[in-house]
Amino acid sequence: RRRGSPALAQAAAVVAAASAAEAEPGESSTAAAEEGAPAKTKKVKVTFNATHCMYDVITESVEARGWKVVRSETKAPMCNLHWLDQSGIMEWFRRVEPWMKINHYPGMHNALARKTCLARNMARMQRHFPVEYNFLPQTWIVPNEMIDFEKQFDEFGKAKTIFIAKPDAGTQGRGIFLTNELSKIKAAAADRETGLLVVQRYVGKPMLIEGLKFDLRLYFLVGSKLQGEGLEPRFFLFRDGLVRLCTTEYTPPTLENLDQKRMHLTNYAINKKSPDFVQNDGDDDGGHKRSLRWFMEYIAEEHGEKERDKLWNKFKGLCVKMALAVWPTLEAEYRNSFPKDQSGGAMGSRSFEVLGVDVMMDEKRRPILIEVNHLPSFTCDSPLDEDIKSRVVQQTLDMVCRLEGGDKATYDAAVAARLRGEAPTAATAERESILDALSYKDFERAYPAPPDTPKAHARYEAIRAKANEACRPLISVVTRPTSSSAERRPPTALGGSTGSSSSARRSEGSTTAGSSASSTGLPPRPRPPPGGPAPMRARPPAERPPAPSCVSPDPISRRSRSAPLNLRRATPDLPALPNSPCHSTSPTGTPRSEKVRRRASSGEASSKVRLMSAVARHQLTRKSLPMAQAQIML
């Protein structure tokens, strides 16, 4: 350069450019800023976990959005979106951080996907709303309800009606059979491989298309928004779907044709193997698989547009009632399954789910629920499949997966802002605003009901309130107490808390306790219930003396609440022999009499302690045991 050689100057420029390219991103951006040029930052891509995704139509939709598809098991846990099409879903929920999404709700499999659980949940709501929940045929779960089911048969084990039996966990029509004989039902129920059976009255007069029985596959999107500690549901029904026809002309069931599955069963896996099956080539007017949009136009042509709109509202009502019946349990499972959200819900709900709802029609065009698939098939065997299923996936991602590559950094910033006491940002509200729209492309909102349908809104809210009341005993067992709900947590069925609840208290106590609790490391002291005694407070571990060598093998504190009270063992102040099993020493090593006097003097004695003191006082004064019992009862 000093000599002014052009070759040397050109070489120096090349070296400088190479060194700038190898520099760190932060250094290059800083240098560019010093020189006045705009800083260039590399955009982080959204990552998609495809290790358990089985369908190409899903990965192709993801790649079309510019997202990165991850197929490595080691890199999959840190992806933004997890899509699972296989079993083993539960083990993934504890890996989903607040800035991630997963295409399932915890508990959905045990709420709707299993046939027995679907029957139980719908039967529970049918007792309260017999007219609203009449979309399921009369159902029995055998062998659990065998005694009631046997009443449908005569003394010879025969019935005048036909029943259809389905294995609880069966798929693709395997294990389904029709019969009117009790012996066949009992034989199938006794098979351990089959497990529980769901037996229903067979709908002998279905609606037919060109003389063929059919069913409908509805795509139902279950979404939610975080509101405080709860989930506010948002349900959408896809305006298109599939119509799957049988391949054998339908005739009413008789003893001779009960074994003809391709006449009575509409499962696609069964009928596609028939030599009479005709694949759809994109034209809805032919083939054994057609679109739901074609079916709705067919209803309008045959019965009028008013009947078509009425039928569509029935489809929406069926799906909404089905989901609202189990929503309290899904909400409780959601709070109990995911890692704790330290940002206070800044990233929104982590779950969404596309359900495949199978519905058939009777001769009066009344929808009848067959089953619910939480792992619906997205296999594309025809252009019709690819068109419908690709739109379902793409529009679902638009609505509930508005992700960004830097969501983890956004979450960390939200946690830091919350610790500083700053107000949360409105980024989540902007992302979830689409869930409040009445429709989005082919999706139409089913719940909450539109403002112009006040009757439907009132009906849905009544169902949701009754579902909350009916599911409260179940929620008290599975709910993990949060920082604000630990004091009002209802007792479990065993009178205590579950393992997950105790771990939640250990992890959340530091964020909710006061200054005294944080200094001593103790959990926050619960408030006494109104009108009841104050709960006993445990001493710190450092103040407890070492346990003695002789400890009662069955201390009162460990006895089940349902066990009868032994007055002799409940007497703390009575002298006992050193080798006696009722030695007056607690499991912590403190004499029971000292503990009773300390708690009684401090005003913290519970009902059990007062009972023990009364028994001891009466026995020390040598009063008769009946008098002691009488005074205790008073």
Mind listing the closest non-hydrogen atom pair of L435 and F236 along with its distance? O-CZ, 3.4 Å
Using modelled atom types only, decide if a donor and an acceptor are shared between the side chain of N49 and the backbone of N80 within a distance under 3.5 Å. no
Once rounded to the nearest 0.5 Å, what's the spacing between atom CG of L237 and atom SG of C319? 5.0 Å
So does R366 get a backbone contact from the side chain of K314, meaning a donor-acceptor N/O pair under 3.5 Å? no
Is it the case that atom CD in E371 sees more than 12 heavy atoms from other parts of the structure closer than 6.0 Å? yes
Would you say N271's side chain and L265's backbone share a donor-acceptor pair under 3.5 angstrom? yes
Using a strict cut-off of less than 4.0 Å between a Lys/Arg side-chain nitrogen and an Asp/Glu carboxylate oxygen, indicate whether R114 and D168 qualify as a salt bridge. yes
N110 (side chain) donor-acceptor with L112 (main chain) under 3.5 angstrom: no
What are the two closest non-hydrogen atoms of K389 and Y219, and how far apart are they? CE-OH, 3.6 Å
Pair W140, D148: side-chain N/O donor-acceptor within cut-off below 3.5 Å: yes
Can the ring centroids of Y133 and F135 be said to lie less than 6.0 angstrom from one another? yes
Quick check: do V359 and I370 have side-chain heavy atoms less than 4.5 Å from each other? no
Under 3.5 Å: donor-acceptor pair, side chain of N373, backbone of L375: no
Judged by atom type as modelled, is there a donor-acceptor pair below 3.5 Å linking the side chain of E353 to the main-chain atoms of Y105? yes
Check step by step if side-chain contact (heavy atoms from CB on, under 4.5 Å) holds for L330 and M108. CA-CA 7 Å; L330 297 179; M108 182 67 78; 3.6 Å; yes
Is there a side-chain contact (heavy atoms from CB on, under 4.5 Å) between D398 and Y440 once you walk through the steps? CA-CA 9 Å; D398 290 342; Y440 177 78; 3.1 Å; yes
For a quick test of reading the model, state the closest non-hydrogen atom pair linking L369 to P137 and the distance between them. O-CD, 4.1 Å
Heavy-atom donor-acceptor pair, D362 side chain to R365 backbone, under 3.5 Å: yes
Any donor-acceptor pair under 3.5 Å linking the side chain of K186 with the backbone of M146? no
Classify the angle between the aromatic ring planes of F338 and Y334 as parallel (below 30°), tilted (30 to 60°) or perpendicular (above 60°). perpendicular
With E132 as reference, evaluate R127, R459, R464 under the salt bridge (charged side-chain N to carboxylate O under 4.0 Å, His left out) test and give the passing residue. R459
Do the side chain of R445 and the main chain of P448 share a donor and acceptor less than 3.5 angstrom apart? yes
Can you find a side-chain donor-acceptor pair between S377 and Y268 that sits under 3.5 Å? no
Answer whether the closest heavy-atom distance between the side chains of T47 and L81 falls below 4.5 Å. no
Find the distance between CG (D341) and CD (E97) and round it off to the nearest 0.5 Å. 9.5 Å
Is the distance from the ring center of W92 to that of H82 below 6.0 Å? yes
Take I102 and F352 through the side-chain contact (heavy atoms from CB on, under 4.5 Å) test and state the conclusion after the steps. CA-CA 7 Å; I102 188 170; F352 67 95; over 6 Å; no
Beyond-backbone contact of D56 with F378, side-chain heavy atoms, under 4.5 angstrom: no
Looking only at atom types and distance, does a side-chain atom of S61 sit under 3.5 Å from a main-chain N or O of V57, one as donor and one as acceptor? yes
Report yes if some heavy atom in the side chain of W67 is under 4.5 Å from a heavy atom in the side chain of C79; otherwise report no. no
Walk me through whether V357 and R217 qualify under side-chain contact (heavy atoms from CB on, under 4.5 Å). CA-CA 6 Å; V357 183; R217 165 60 61 89; over 6 Å; no
Please say which of K289, R290, M361 ends up in a side chain to side chain contact (heavy atoms under 4.5 Å, CB included) with F214. M361
Looking at the rings of F163 and F149, which for Trp means the six-membered one, are their centres under 6.0 Å apart? yes
Quick one: do F220 and F235 satisfy ring pair (Phe, Tyr, Trp, His ring centres under 6.0 Å)? Show the steps, please. CA-CA 7 Å; F220 187 61; F235 304 150; 5.5 Å; yes
From CG (L245) to CG (D215), nearest 0.5 Å: 8.5 Å
Contact between L397 and V62 at the side-chain level, heavy atoms closer than 4.5 Å - yes or no? yes
Tell me every residue that passes side chain to side chain contact (heavy atoms under 4.5 Å, CB included) with A113, counting only those two or more places apart in sequence or in another chain. H109, H374
Checking side-chain polar atoms at under 3.5 Å, does Q200 have a donor or acceptor matched by the opposite partner on T139? yes
Spacing of CH2 belonging to W327 relative to CD1 belonging to I463, to within rounding of 0.5 Å: 15.5 Å
For the side chain to side chain donor-acceptor pair (under 3.5 Å) test, which of Q395, R239, Q394 pairs with D442? Q395
Judged by modelled atom types alone, do T410 and D407 share a side-chain donor-acceptor pair under 3.5 Å? no
What I'd like to find out is whether the side chain of I368 reaches to under 4.5 Å of the side chain of L136, using heavy atoms alone. no
How about S351 and N103: do any of their side-chain heavy atoms sit closer than 4.5 Å? no
Measure the NZ-CZ distance between K272 and R244 for me, rounded to the nearest 0.5 Å. 11.5 Å
Going from CD on E145 to OG1 on T116, what distance comes out if it is rounded to the nearest 0.5 angstrom? 10.5 Å
Report the C-alpha separation of R472 and E469 in whole Å, then their side-chain angles, then the decisive distance to 0.1 Å, and conclude whether the salt bridge (Lys or Arg N to Asp or Glu O under 4.0 Å) test is met. CA-CA 5 Å; R472 189 174 294 120; E469 179 182 349; 5.6 Å; no
Check the orientation of W312 and F315. Use parallel for under 30°, tilted for 30 to 60°, and perpendicular for over 60°. perpendicular
Taking the side chain as C-beta and beyond, is there a heavy-atom pair between I434 and R402 under 4.5 Å? yes
Using a distance-only test with no angle check, is there a side-chain donor-acceptor pair under 3.5 angstrom linking N280 and S382? no
